[in-house]
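Numbered from 1 within each chain, the chains take letters A, B, ... in sequence-line order.
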2 protein chains.
Amino acid sequence: MAIAKTEEFTAKEQNLASFAKALSHPARIAILKILAEQNACICGKIVEVLPLAQSTVSQHLKELKNAGLIDGTVDGPKSCYCINWKAFEKFNAEFNSLFSALKIQNEKACC
Amino acid sequence: MAIAKTEEFTAKEQNLASFAKALSHPARIAILKILAEQNACICGKIVEVLPLAQSTVSQHLKELKNAGLIDGTVDGPKSCYCINWKAFEKFNAEFNSLFSALKIQNEKACC
DNA sequence: TTTGTCTATCGTAAGAAAACGATAAACTAA
DNA sequence: TTAGTTTATCGTTTTCTTACGATAGACAAA
């Protein structure tokens, strides 16, 4: 049996895992970095700076979009992408609510 | 060709992706949550509260340990685990240095 | 209209990940 | 010493992920 037993966990756990999964490939980190550094949407040009085939980059973009971390719109023959900062806020908030709040009291109570 | 082309990216990107990968499964989030809620190491008992086989939990624990997110010591026939908060700090720091610093200036400059 | 450009999708192949049962290893306790 | 407990590892199967080339679709420009 190899099917992922994700349904056995809480929605919060699944949600956080899902965000993390979207961030779990260096190509996707690189894409997000490129988008974050821009002051506007990027239409095209993302493929050029990555060491991957066009179809592979498109696939990574799709995953980031599905995870909600980026927004995409079509502009003629080109596609434009930008970061969805609200999704990042949500990720940070969920992450902190699970861990950071617990940190202070426990920091020195371990083996 | 399916081999991950991780070596084509920067160390920082790989590092962050690596952390995220460790967090990308709800079982591992659940494990970290359990460890975070305790005021001490947990020796045993982690398997009991998860809906997974003992060998599967052991595998997840190993991945978290390899990622540096938890520390493990052997105590007789039992194994004890606790969160490595420094690794969490490092993750947060890397995450912020890539994204949060860029956020303010760009928040309203997108399509 | 035809041609060129850009991006998404399809099909495919290889590797990684997730899950389990069975077993081995390490220690405790009888 | 022997039996029991706990956890790690091995072997295996199934599914997911990553990657590519090829192709199709959408639009712009000649």
A:Lys21 side-chain N/O to D:dT17 phosphate OP1/OP2 under 4.0 Å: yes
Mind calculating the distance between NE2 (B:His25) and P (D:dT15) to the nearest angstrom? 15 Å
Using a 4.0 Å heavy-atom cut-off across all strands, classify A:Glu63 as base, sugar-phosphate, or nothing. sugar-phosphate
Please list each protein N or O that sits under 3.5 Å from an N or O in nucleotides 6-9 of chain D, with the distance.
{"unit_1": "D:dT7", "atom_1": "OP1", "unit_2": "B:Gly44", "atom_2": "N", "d": "3.0"}
{"unit_1": "D:dT7", "atom_1": "O3'", "unit_2": "B:Ser79", "atom_2": "OG", "d": "3.0"}
{"unit_1": "D:dA8", "atom_1": "OP1", "unit_2": "B:Ser79", "atom_2": "OG", "d": "3.2"}
{"unit_1": "D:dA8", "atom_1": "OP1", "unit_2": "B:Tyr81", "atom_2": "OH", "d": "2.3"}
{"unit_1": "D:dA8", "atom_1": "OP2", "unit_2": "B:Ser58", "atom_2": "OG", "d": "2.9"}
{"unit_1": "D:dA8", "atom_1": "N7", "unit_2": "B:Gln54", "atom_2": "NE2", "d": "2.9"}
{"unit_1": "D:dA8", "atom_1": "N6", "unit_2": "B:Gln54", "atom_2": "OE1", "d": "2.9"}

Identify, with sequence neighbours excluded, every residue that meets side chain to side chain donor-acceptor pair (under 3.5 Å) alongside A:Lys65. none
Minimum-distance pair of heavy atoms, taken over all atoms of B:Tyr81 and B:Gly72: CD2-CA, 3.7 Å
Given C:dC20, C:dA19, D:dA19, identify the nucleotide with an atom nearest to the side chain of A:Leu52. D:dA19
Output yes when at least one side-chain N/O atom of A:His60 is less than 4.0 Å from OP1 or OP2 of D:dT17, else no. no
Listed pairs under 3.5 Å, donor-acceptor, residues 51-61 of chain A side chains, sequence neighbours left out:
{"unit_1": "A:His60", "atom_1": "ND1", "unit_2": "A:Arg28", "atom_2": "NH1", "d": "2.9"}

In whole Å, I'd like the distance from the CG atom of A:Leu64 to the P atom of D:dT18. 11 Å
Could you tell me whether a side-chain N or O of A:Asp71 sits under 3.5 Å from a main-chain N or O of A:Asn84, the two making a donor and an acceptor? no
Mind checking the OG-CD spacing from A:Ser18 to A:Glu94? Nearest 0.5 Å is all I need. 9.5 Å
B:Asp75 CG to D:dT5 P, in whole Å, measures 18 Å
Please state whether the rings of B:Phe91 and A:Phe91 are parallel, tilted or perpendicular, taking 30° and 60° as the class boundaries. perpendicular
